[in-house]
Structures are given as structure tokens and as C-alpha cells.
Amino acid sequence: MKTTSVKTKIHPLTAYIDRLKSGDALLVDTPENVLEVVGILKSYGVVLDAYQKNLIYIAENQFLVLFPFFKYFDGDINFSKLLRHWWHDRINFEYAEYCMKTMMWHGGGGLDKYLDTPEFEERARRAIEAKIKTNLPIRLVDRLFPEFLLEQVRQQAYYSALGQFWYVMAEIFLTMSDLYDRGKITSIPEVVDHILKGLVASANKPITYAVTIDKQVYEIIPKSVGLTFLMDTAVPYVEAVFFRGTPFPGTVSYNAQAYQISPDQSRFEYGALYADPLPIGGAGIPPTLLMQDMRHFLPDYLHEVYQKTKRKEDDLRVQICITFQKSMFCVTTAAILGLAPYPLDTTDITEQKANQKYLESWMDRFLTSRLMVANSDPKASLYNPK
């Protein structure tokens with residue numbers, strides 16, 4: 001029987017397109033990769049759970065608190081916790097805020113559009129008036145700079161939205177770890193399938209936001225707006241954090257005359273899929289905070305892998321970052337599969353052409369990523385720059 005295939009120009013990463021069409025992932029399926037990816041995502045899931053709780057706490061309980069000195073305490077303030085905070089023996093919630101601000105800055109999705117609508121302004125204004133009605137200095141500031149508090153509410157909305165997104169992702173990663181421990185996940189495609197099923201199951205989960213002021217609830221993002229988990233938080237998050245990101249201070253010049261940073265945000269390549277792990281641990285590198293958090297929750301089997309490397313604990317954060325990058329290519333694979341216009345195993349020629357164009361657009365963005373490094377020999381790639 002004669003079969004028809006789509007003939008197109010050969011893309012430099014056509015091998016990865018073929019991998020996706022055949023049911024494989026962007027990351028090569030090996031027992032070592034499975035162990036590393038599941039182990040790091042277990043640690044990441046624990047950290048994300050802490051992040052999401054704090055983000056939602058800030059959104060709901062620190063509403064328009066302009067100097068929130070204790071926002072990282074989740075309402076539990078005591079001297080012992082304060083000492084640990086000063087000693088930095090804690091979760092680095094600053095990284096969660098970095099991701100939130102990056103997501104807000106790059107925008108995209110229905111949340112970004114809604115926050116510029118008259119409906120949002122009207123709802124936010126009601127909450128603002130209720131919050132500052134007895135605060136004369138802030139009322140004066142609001143009168144002089146009417147956009148100031150509105151912008152604070154927009155930021156609070158992103159705190160809440162990112163918290164809701166991470167709540168789902170933490171559950172996906174932690175349940176995957178449980179399945180791995182029971183021997184029910186044994187390959188990278190199974191890892192991707194588990195993540196994909198979690199994304200699909202929560203795709204239409206409503207994203208809402210409300211605050212309580214003087215025992216009255218003010219809906220800032222009601223369910224009727226129609227914001228959902230996948231298109232309005234997951235997709236903008238992948239775009240902002242996985243791909244675009246922000247240039248790390250100390251690694252490039254912020255001087256406009258140096259032309260080291262593109263004026264076009266859409267061309268940014270500072271996200272998790274591009275970053276060189278070597279600077280991890282240096283000043284001005286926000287992911288250092290995440291790697292530091294994850295090192296506290298590494299499963300023993302993954303920690304043993306790192307102990308067998310030449311430097312052992314001396315470059316643990318860098319090793320964690322390399323593994324984390326591998327795991328993010330698995331999460332990205334799930335996103336690619338979930339957003340594909342048609343099933344990748346379709347036999348319809350028109351659908352195949354649409355899929356081919358779709359996959360090539362993704363591969364265009366991977367050309368300068370660390371995809372090839374992630375799939376090379378781990379020992380050889382440990383200090384291999386982009």
C-alpha cells in the first residue's frame with residue numbers, strides 16, 4: 001500500500017521533529033535521565049508547593065500593603081522563624097516573585113488582556129476604595145497618581161494567578177514521583193505523558209481572584225471573565241520563564257549603547273531552556289535561589305548521582321541546574337503535544353502539513369537552546385556552554 005508523507009525543507013532539528021511524531025520526547029529516554037528528571041521534579045514539586053502557598057497568601061492577605069515586611073512568613077510570625085529568615089535558612093520566596101514579575105512583564109494570554117479592561121479597573125477601584133477609605137495619606141497618593149494603586153492590584157492578580165498555576169504543577173510533579181517509586185513510571189515518554197495528562201485535566205480550571213476587606217468579598221477576577229489554567233497561565237508562563245526570561249545582571253550590559261540586550265522582548269532568549277548553568281551560584285543570578293531551595297529536598301537516589309561526579313558537593317547547584325534543565329525539556333514536550341493543532345500521528349495530509357509547520361516553529365526557537373547539550377553525554381556536557 002502506497003503511503004503519503006509531507007515533503008518539506010530539511011530543518012536543522014528535523015531529528016527532534018521525527019522524535020516527537022514517533023511518540024518520543026525532546027529528551028533522550030535513558031534510565032539515567034528518568035531517574036534524574038523524576039528526582040529533580042520531586043524536589044521542585046515540594047518547592048513549588050511552598051511557593052504557591054506564599055504567592056496566594058500575599059495576594060489575599062497582603063492586598064495593597066505597600067511595605068509588606070513579613071510577606072514571606074505566611075501569617076506565622078515568631079522570633080525563631082525570624083532568625084532563620086535572617087540566616088537565610090528558609091525557602092527563597094524571592095525567586096517566586098522573580099517569576100511572577102517576569103510573567104507580568106512579558107504578558108500574553110487572557111489575564112494580561114483582562115487587566116487592561118474597564119471591567120478590571122472598575123472592580124479594582126471598588127477594592128481600592130474599601131482598603132484605603134480611612135488612610136488619608138494613601139488616599140492623597142491615589143488622587144495624585146491614580147494609576148499607582150491600580151498597578152499594585154494588577155501585580156497582586158499575577159501573584160494569585162501564578163500561585164494557582166504552581167498549585168496544579170506541584171501536584172503533577174509529586175504524584176509522578178509517587179508513581180515512579182511504585183515502578184509505574186519507567187521512561188521519559190511516560191514522564192511526558194503524565195505531565196500532559198495533568199495539563200489536560202486542569203486545562204479549563206478557572207483562574208479567579210478575590211480579596212476580603214472588612215468581611216466583604218471583592219471579586220477582582222470573577223469566574224465570569226473566563227480565564228483558564230492552560231491558555232491564561234500555563235502558556236504565558238512557558239513563554240515568559242522557559243523561553244524569554246530576563247537578562248541576568250552581571251552577565252550582560254544593561255547599557256543601551258552596548259546593544260547587548262534586544263529591544264524586542266519577543267527575541268529574548270534568557271529563559272530556562274537557554275541559560276548556561278555555570279553562572280549558578282553567582283551574584284545576580286535568580287535561579288541560584290531555586291537551586292538552593294531544591295537542594296534541601298533532593299531524594300536520596302538523586303543525591304547519590306551527584307556524589308559520584310568529580311566535584312561532588314562543590315558544584316551541587318550547577319549539577320541541579322543541569323538536571324532541572326533536562327526536566328524542563330520534558331515539561332516543554334508536554335506543552336508542545338498539548339498545543340498541537342492535530343494529533344502528531346495523524347494520517348491526514350492536510351493535518352500533517354499543519355503539524356509540520358507547527359513543530360518547525362518550535363524547533364526554530366530551540367536552535368540556540370541547550371537542547372543538544374541536554375542530550376549529549378552527561379559528563380561531557382557538565383561544563384559545556386550554550
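Counting from 1, the numbers follow the sequence of the chain as shown.
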S.K.: Look at Arg182 together with Asp178 and state whether they make a salt bridge at an N to O cut-off of under 4.0 Å.
M.R.: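 Between Asp178 and Arg182 there is no salt bridge, as every charged N stays at least 4.0 Å from the carboxylate O atoms.
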
S.K.: Could you tell me which non-hydrogen atom of Thr30 sits nearest to which non-hydrogen atom of Ile188, and how far apart they are?
M.R.: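 Result for this residue pair: N-CG1, 4.5 Å.
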
S.K.: If I compare all heavy atoms of Phe63 with all of Ala59, which pair ends up nearest, and what's the gap?
M.R.: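 Scanning both residues completely, I find the closest heavy atoms to be CB-O, 4.1 Å.
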
S.K.: Should Ile91 and Ile56 be regarded as members of a common hydrophobic cluster, given that ILVMFWY residues are connected when their side-chain heavy atoms come within less than 4.5 Å of each other, either directly or indirectly?
M.R.: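 As far as the 4.5 Å side-chain criterion goes, Ile56 and Ile91 are not connected within one cluster.
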
S.K.: Is the shortest heavy-atom distance from the side chain of Leu298 to the side chain of Ile40 under 4.5 Å?
M.R.: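 They are in contact (side-chain heavy atoms under 4.5 Å apart), so the answer is yes.
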
S.K.: Roughly how far, to the nearest 0.5 Å, is CG of Leu55 from CE of Met100?
M.R.: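 If I round to the nearest 0.5 Å, the distance is 7.0 Å.
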
S.K.: So do Ser43 and Phe324 actually touch side chain to side chain, heavy atoms under 4.5 Å?
M.R.: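 Result no, sub-4.5 Å side-chain heavy-atom pair not found.
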
S.K.: Specify whether His106 and Phe268 have parallel, tilted or perpendicular ring planes, treating 30° as the upper limit for parallel and 60° as the lower limit for perpendicular.
M.R.: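 Perpendicular.
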
S.K.: Taking NZ, NE, NH1 and NH2 as the nitrogens, is one of them in Glu151 or Arg154 under 4.0 Å from a carboxylate oxygen of the other?
M.R.: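 Looking at Glu151 and Arg154, the cut-off is met.
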
S.K.: Is there a side-chain contact between Leu230 and Ser202, using heavy atoms and a 4.5 Å cut-off?
M.R.: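 No, too far: nothing below the 4.5 Å cut-off.
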
S.K.: What residues, two or more places apart in sequence or in another chain, satisfy side chain to side chain donor-acceptor pair (under 3.5 Å) together with Tyr358?
M.R.: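 Residues passing side chain to side chain donor-acceptor pair (under 3.5 Å) with Tyr358: Trp362.
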
S.K.: Considering residues, nucleotides and ligands other than Asp76, do more than 12 of their heavy atoms fall under 6.0 Å from its CG?
M.R.: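 Enclosed.
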
S.K.: May I have the step-by-step check of side-chain contact (heavy atoms from CB on, under 4.5 Å) for Asn375 and Leu27, ending in yes or no?
M.R.: CA-CA 6 Å; Asn375 281 317; Leu27 184 67; 3.4 Å; yes

S.K.: More than 12 foreign heavy atoms under 6.0 Å from NZ of Lys71: is that the case here?
M.R.: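 Correct, the count exceeds 12.
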
S.K.: Is there a donor-acceptor contact under 3.5 Å linking the side chains of Thr246 and Tyr98?
M.R.: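 Note: Thr246 and Tyr98 side chains meet the donor-acceptor criterion.
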
S.K.: Rounded to the nearest 0.5 Å, what separates atom CG in Leu13 from atom CD in Glu360?
M.R.: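 These two atoms lie 10.5 Å from each other.
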
S.K.: How long is the straight-line distance from OG1 of Thr288 back to CD of Glu94, given to the nearest 0.5 Å?
M.R.: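 Output value for this atom pair is 12.5 Å.
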
S.K.: Taking side chain as C-beta onward, heavy atoms only, is Tyr44 less than 4.5 Å from Thr323?
M.R.: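 No - every pair of side-chain heavy atoms lies 4.5 Å or more apart.
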
S.K.: What are the two closest non-hydrogen atoms of Ala210 and Glu60, and how far apart are they?
M.R.: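 Taking every non-hydrogen atom into account, O-CG, 4.1 Å.
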
S.K.: Closest approach of Gly107 and Pro236, non-hydrogen atoms and distance?
M.R.: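 Scanning both residues completely, I find the closest heavy atoms to be O-CB, 4.1 Å.
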
S.K.: Is the NZ atom of Lys81 crowded by more than 12 outside heavy atoms at less than 6.0 Å?
M.R.: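 Above 12, so yes.
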
S.K.: To the nearest 0.5 angstrom, please state how far the NZ atom of Lys357 sits from the CG atom of Leu359.
M.R.: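 If we round to the nearest 0.5 Å, Lys357:NZ and Leu359:CG are 13.0 Å apart.
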
S.K.: Verify the distance criterion only: is there a donor paired with an acceptor across the side chains of Glu171 and Thr175 at less than 3.5 Å?
M.R.: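 The criterion, which ignores hydrogens and geometry beyond distance, is not satisfied for Thr175 and Glu171.
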
S.K.: Quick one: list whatever passes side chain to side chain donor-acceptor pair (under 3.5 Å) with Asp74, sequence neighbours left out.
M.R.: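 Testing Asp74 for side chain to side chain donor-acceptor pair (under 3.5 Å), a comparison that skips the adjacent residues, returns Asn54.
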
S.K.: Is there a donor-acceptor contact under 3.5 Å from the side chain of Thr102 to the main chain of Ala240?
M.R.: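 It does not hold such a pair.
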
S.K.: For Phe79, I'd like to know if atom CZ has over 12 heavy atoms of other residues, nucleotides or ligands within 6.0 Å.
M.R.: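 No.
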
S.K.: Hey, mind stepping through Glu97 and Tyr159 against side chain to side chain donor-acceptor pair (under 3.5 Å) and telling me if it holds?
M.R.: CA-CA 8 Å; Glu97 288 189 299; Tyr159 271 103; 2.2 Å; yes

S.K.: Output all residues satisfying side-chain contact (heavy atoms from CB on, under 4.5 Å) with Arg267, sequence neighbours left out; order by chain, then residue number.
M.R.: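 Counting only residues at least two positions away or on another chain, Arg267 forms a side-chain contact (heavy atoms from CB on, under 4.5 Å) with Ser262, Asp264.
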
S.K.: Check whether any side-chain heavy atom of Arg123 lies under 4.5 Å from a side-chain heavy atom of Glu119, and answer yes or no.
M.R.: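 The answer is yes; the side chains approach within 4.5 Å.
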
S.K.: How about Arg365 and Ser361: does a side-chain donor come under 3.5 Å of a side-chain acceptor?
M.R.: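 Per modelled atom types, Arg365 and Ser361 side chains form no pair under 3.5 Å.
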
S.K.: Report yes or no: do Gln356 and Lys21 form a side-chain donor-acceptor pair below 3.5 Å?
M.R.: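 Present: a donor and an acceptor within the cut-off.
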
S.K.: Would you please indicate yes or no on a ring centroid separation below 6.0 angstrom for Tyr57 and Phe93?
M.R.: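 No, they do not, as the ring centres are separated by 6.0 Å or more.
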
S.K.: Just say parallel, tilted or perpendicular for the rings of Phe120 and Tyr114, cut-offs at 30° and 60°.
M.R.: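 If you compare the ring of Phe120 with that of Tyr114, the planes turn out perpendicular.
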
S.K.: Which atoms form the tightest heavy-atom contact between Pro249 and Gly284, and what is the distance?
M.R.: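 In terms of heavy atoms, the two residues are closest at CD-O, 3.3 Å.
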
S.K.: Quick one: pull up OH in Tyr51 and CE in Met169 and give me the separation to the nearest 0.5 Å.
M.R.: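 Reported to 0.5 Å precision, the distance equals 15.0 Å.
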
S.K.: Using side-chain contact (heavy atoms from CB on, under 4.5 Å), reason through Leu290 and Asn92 one step at a time and then give a plain yes or no.
M.R.: CA-CA 7 Å; Leu290 175 61; Asn92 292 289; over 6 Å; no

S.K.: How far does CG of Leu115 sit from NZ of Lys113, to the nearest 0.5 angstrom?
M.R.: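 Between Leu115 CG and Lys113 NZ, I get 12.5 Å after rounding to 0.5 Å.
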
S.K.: Tell me whether Phe145 at atom CZ has more than 12 heavy atoms from other residues, nucleotides or ligands lying less than 6.0 Å away.
M.R.: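 Open.
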
S.K.: Is the closest basic N to carboxylate O distance between Glu122 and Arg126 below 4.0 Å?
M.R.: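 Looking at Arg126 together with Glu122, the answer is yes, because their closest N to O distance falls below 4.0 Å.
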
S.K.: Taking the side chain as everything from C-beta on, heavy atoms only, tell me whether Ile77 gets closer than 4.5 Å to Leu82.
M.R.: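 SC-SC contact between Ile77 and Leu82 ruled out.
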
S.K.: What heavy-atom pair brings Asp293 and Arg90 nearest, and what distance separates the two atoms?
M.R.: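 Residues Asp293 and Arg90, closest heavy atoms: OD1-O, 3.7 Å.
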
S.K.: Is there a side-chain contact between Arg370 and Asp276 (heavy atoms, below 4.5 Å)?
M.R.: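 Side chain of Arg370 against side chain of Asp276, heavy atoms only: contact under 4.5 Å found.
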
S.K.: Listed by chain and number, what are the side-chain contact (heavy atoms from CB on, under 4.5 Å) partners of Glu121, not counting sequence neighbours?
M.R.: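 Scan of Glu121 (side-chain contact (heavy atoms from CB on, under 4.5 Å), adjacent residues dropped) gives Arg125, Leu150.
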
S.K.: Clusters formed by hydrophobic residues whose side-chain heavy atoms approach within less than 4.5 Å: which one holds Tyr259, and what are its other members?
M.R.: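 Its cluster mates, by chain and number: none.
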
S.K.: Indicate yes or no: does Glu313 engage Arg295 in a salt bridge with an N to O separation below 4.0 Å.
M.R.: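 Yes, Glu313 and Arg295 are salt-bridged.
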
S.K.: How about His11 and Tyr16: are their ring centroids closer than 6.0 Å?
M.R.: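 No, they do not, as the ring centres are separated by 6.0 Å or more.
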
S.K.: Hey, can you tell me if Tyr237 and Phe242 have their rings parallel, tilted or perpendicular (30° and 60° cut-offs)?
M.R.: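 If you compare the ring of Tyr237 with that of Phe242, the planes turn out perpendicular.
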
S.K.: Does the side chain of Thr233 reach to within under 4.5 Å of the side chain of Gln164, using non-hydrogen atoms?
M.R.: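 Sidechains of Gln164 and Thr233: no contact.
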
S.K.: Applying salt bridge (charged side-chain N to carboxylate O under 4.0 Å, His left out), can you list everything that pairs with Arg317, at least two apart in sequence or on another chain?
M.R.: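 Counting only residues at least two positions away or on another chain, Arg317 forms no salt bridge (charged side-chain N to carboxylate O under 4.0 Å, His left out).
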
